[in-house]
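Worksheet: the structure to be examined is printed underneath.
For the numbers below, each heavy atom of this structure counts, side chains included, while hydrogens, waters and symmetry mates do not.
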Amino acid sequence: MTTTPTVRPLTADDLEQSVALGIEAFGAIPDGMPRPTREGFPGPGRLWWGAFDGERLAGRMLRREYHSWWHGQELPTSGIAGVAVSPEERGRGLLRELFRAVLDASVERGDVVSTLYPTAPGIYRSSGYEVVTTLQTVEVPTAELTRVRPPVGVRTRRATAADLPAARALYDVWARAQNGPLTRRGPSFPATDEDVIGDFTGVTLAVDESDAVVGYCSWNRGRGYGPEGRIEVQDLLATTAEGYRALWRLLGSFASVAVRVTVQTSGDDLARSVLPTLSWTAIESHPYMLRLLDVPAAFTALPARARGTVVLRVHQDAVSGTDGSYRLTASEDGVTCERTDPEGDHPTFTPGGLALLWSGAQTCANVRMAGLLTGGTAEDDAVLDAVCAGRPLHVRDYF
């Protein structure tokens with residue numbers, strides 16, 4: 001590329017170039033997956049951006065419209081996906097130009113944070129992202145699930161579309177208690193209750209003696225039986241230990257025809273706490289990266305966990321406008337955060353360091369060890385640690 005790229009939203013007229021660039025980056029479209037069409041472009045909750053060298057598409061990036069749970073609040077979230085750059089243009093700063101345009105549009109929309117699943121985390125650190133958790137697929141021997149203690153007062157039954165609102169409500173209860181899960185609401189989740197039921201071999205509920213839903217799992221019966229047979233679980237969630245026991249035992253009932261159960265999970269999954277076995281093998285991992293887009297809004301969303309005032313700085317933000325100083329005040333009424341222009345020595349974060357702290361993934365001490373935080377005092381660190389701590393990190397949806 002010999003000229004400054006033109007960065008703009010893609011239109012249906014750019015579809016063929018975008019598909020071709022995606023195939024270069026990610027391989028051929030899998031069998032059974034429909035090829036994108038002009039009529040369906042760009043799709044609900046999606047906005048594609050492209051960087052052009054003249055008329056040639058040299059790079060592209062997708063922004064997906066989400067909300068995600070952080071510190072008990074639903075925060076507008078810019079999900080980045082589908083990133084591809086022509087091999088001849090890699091290493092020339094094209095990705096940074098795309099991020100500037102896409103994140104500016106995200107800030108204009110009101111997004112507070114941005115997240116993505118990287119193929120190579122180092123590429124995205126220069127744009128302010130840092131790994132805060134990992135989506136994993138784990139494998140458990142089906143036979144060992146038969147040893148889970150029988151649940152007390154809980155049974156399982158197959159869900160119908162009429163049960164999906166109760167399952168969604170249980171997901172909301174679980175997700176609200178974590179940092180990171182998508183809300184599964186809005187244009188990026190257009191599936192109806194009937195669609196969800198049709199997407200799986202089965203959706204199984206765990207219900208108590210009053211038929212209230214205390215857990216559910218959505219699963220597909222993989223191909224084959226015997227040594228190659230497996231059950232593939234997308235969601236395995238419960239709000240009680242008995243709910244988890246009931247669901248694990250149901251999956252264990254496939255032991256004669258499927259030797260393995262695979263489950264999508266993250267972090268320290270409570271589902272594991274009722275298993276009598278140590279067998280829990282990660283067979284696939286997808287790191288999840290985060291950056292803040294609106295520092296005052298992100299800190300104002302925090303609950304009142306501490307008391308004190310800290311001035312902090314953000315520097316080295318190459319693609320979005322978070323550089324600067326902020327006064328954070330935590331009181332019994334909550335947390336306030338506003339831009340300021342102080343003098344003196346204050347905690348100074350890179351965007352990635354701030355993401356690690358704010359998400360609860362790391363403490364100030366560990367962020368300092370990584371070289372992503374300098375300056376300030378031990379008292380500053382204590383206030384910041386207390387304000388940002390409190391919830392485990394979990395994700396469940398790959399995009």
Counting distance only, does the side-chain N/O of R327 pair as donor-acceptor with the main-chain N or O of C337 below 3.5 Å? no
Just by modelled atom types, is the S210 backbone N or O under 3.5 Å from a matching donor or acceptor in the D208 side chain? yes
Using the side-chain contact (heavy atoms from CB on, under 4.5 Å) rule, take I197 and L164 through it: C-alpha gap first, then chi angles, then the decisive distance, then the call. CA-CA 8 Å; I197 291 294; L164 261 292; 3.3 Å; yes
Euclidean distance, I123 CD1 relative to R96 CZ, rounded to 0.5 Å: 13.0 Å
Under 4.0 Å between a Lys/Arg side-chain N and an Asp/Glu carboxylate O for R125 and E130? yes
Counting neighbours of CZ on R272 that are heavy atoms of other residues, nucleotides or ligands and sit closer than 6.0 Å, is the number greater than 12? yes
Quick one: does H286's side chain have a donor or acceptor within less than 3.5 Å of a partner on T119's backbone? no
Run R158 and D163 through salt bridge (charged side-chain N to carboxylate O under 4.0 Å, His left out) and show every step you take. CA-CA 9 Å; R158 184 66 61 92; D163 295 307; over 6 Å; no
Indicate if Y171 and L75 have the same hydrophobic cluster label, given that clusters are the connected sets of ILVMFWY residues with side-chain heavy-atom separations under 4.5 angstrom. no
Does T262 use its side chain to pair, donor to acceptor, with the backbone of R260 at less than 3.5 Å? no
Could you give me the CA-CA distance, side-chain angles and deciding distance for R396 and D235, then say whether salt bridge (charged side-chain N to carboxylate O under 4.0 Å, His left out) is met? CA-CA 8 Å; R396 286 295 186 272; D235 274 349; 5.0 Å; no
Give the intermediate values and the outcome of side-chain contact (heavy atoms from CB on, under 4.5 Å) for residues R60 and V83. CA-CA 6 Å; R60 67 169 202 180; V83 179; over 6 Å; no
Interatomic spacing from CZ in R64 to OG in S106 - rounded to 0.5 Å: 13.5 Å
Rounded to the nearest 0.5 Å, what separation is found between the CZ atom of R305 and the SG atom of C388? 7.5 Å
Would you indicate whether the side-chain heavy atoms of T204 and L247 approach each other to under 4.5 Å? yes
Verify the neighbour count for atom CD1 of I283: are there more than 12 heavy atoms of other residues, nucleotides or ligands below 6.0 Å? yes
State, with a plain yes or no, whether a side-chain heavy atom of L290 is found less than 4.5 Å away from one of S114. no
Exam field: side chain R90 to backbone G93, donor-acceptor pair closer than 3.5 Å: no
Walk me through whether E16 and R35 qualify under salt bridge (charged side-chain N to carboxylate O under 4.0 Å, His left out). CA-CA 10 Å; E16 288 305 313; R35 190 178 180 89; 3.5 Å; yes
Would you find a donor on one side and an acceptor on the other, under 3.5 Å apart, between the side chain of D195 and the backbone of T192? yes
Measure the acute angle between the ring planes of F99 and Y129, then classify it against the limits of 30° and 60° as parallel, tilted or perpendicular. tilted
Would you say the side-chain atoms of S86 and E88 include a donor-acceptor pair closer than 3.5 Å? yes
Please examine the side chains of R185 and Y66, heavy atoms only from C-beta on, and report whether any two atoms are closer than 4.5 Å. no
Same cluster or not: V335 versus V112, using hydrophobic residues (I, L, V, M, F, W, Y) connected whenever any side-chain heavy atoms lie under 4.5 Å apart? yes
Between L62 and R46, is a side-chain contact (heavy atoms from CB on, under 4.5 Å) present by the stated rule, with each step listed? CA-CA 7 Å; L62 172 64; R46 297 168 179 253; 3.6 Å; yes
With a 4.5 Å heavy-atom cut-off, do N179 and W69 have their side chains touching? no
For the aromatic rings, using the six-membered ring if either is Trp, is the centroid distance between Y326 and F299 under 6.0 Å? no
Kindly determine whether Y288 and T115 satisfy side-chain hydrogen bond (donor to acceptor under 3.5 Å, both in side chains), including the steps that lead there. CA-CA 7 Å; Y288 194 59; T115 61; 2.9 Å; yes
Kindly compute the distance separating CG (L251) from OG1 (T146), expressed to the nearest 0.5 Å. 12.0 Å
Crowded around R339 CZ? As in, over 12 foreign heavy atoms under 6.0 Å? yes
Lys/Arg cation over aromatic F52: R8, 6.0 Å, 45° cone: yes
Sidechain-backbone polar pair: D269 side chain, S266 backbone, donor-acceptor under 3.5 Å: no
If Ile, Leu, Val, Met, Phe, Trp and Tyr residues are connected whenever their side-chain heavy atoms lie under 4.5 Å apart, and connections chain through other members, are W219 and V214 in the same group? no
Do R313 and F349 form a cation-pi contact, if we require the NZ or CZ to be under 6.0 Å from the six-membered ring centre and within 45 degrees of the ring's axis? no
Is there a donor-acceptor contact under 3.5 Å from the side chain of S359 to the main chain of A355? yes
When you look at E144 and S279, which way does the side-chain hydrogen bond (donor to acceptor under 3.5 Å, both in side chains) test go after all the steps? CA-CA 8 Å; E144 297 192 17; S279 298; 3.2 Å; yes
Would E89 and R56 satisfy salt bridge (charged side-chain N to carboxylate O under 4.0 Å, His left out), going step by step from the backbone distance to the final call? CA-CA 12 Å; E89 310 302 340; R56 182 176 64 89; 2.7 Å; yes
Give a yes or no answer on whether the side chain of T142 reaches the backbone of A258 with a donor-acceptor pair at less than 3.5 Å. yes
Considering only heavy atoms from C-beta outward, does the side chain of V261 approach that of R230 to under 4.5 Å? no
Could you tell me whether the side chain of S320 reaches within less than 4.5 Å of the side chain of R291, counting heavy atoms only? yes
Step through the shown structure and confirm whether more than 12 heavy atoms of other residues, nucleotides or ligands are within 6.0 Å of CG on D211. yes
Check the angle between the aromatic planes of F399 and Y117 and answer parallel, tilted or perpendicular using the 30° and 60° thresholds. perpendicular
Minimal non-hydrogen separation, Y244 against A271, with atom names: CE2-CB, 3.4 Å
Pair H67-R184, side-chain hydrogen bond (donor to acceptor under 3.5 Å, both in side chains): steps then yes or no: CA-CA 8 Å; H67 281 69; R184 294 183 176 175; over 6 Å; no
Should we count OH of Y225 as having more than 12 external heavy atoms under 6.0 Å? no
Do the side chain of T201 and the main chain of R221 share a donor and acceptor less than 3.5 angstrom apart? yes
Just how far is it from atom CG of N366 to atom CG of D385, taken to the nearest 0.5 Å? 9.0 Å
Neighbour count above 12 (heavy atom, 6.0 Å) for E24 CD: yes
Kindly determine whether Y124 and L95 satisfy side-chain contact (heavy atoms from CB on, under 4.5 Å), including the steps that lead there. CA-CA 9 Å; Y124 298 98; L95 192 61; 4.2 Å; yes
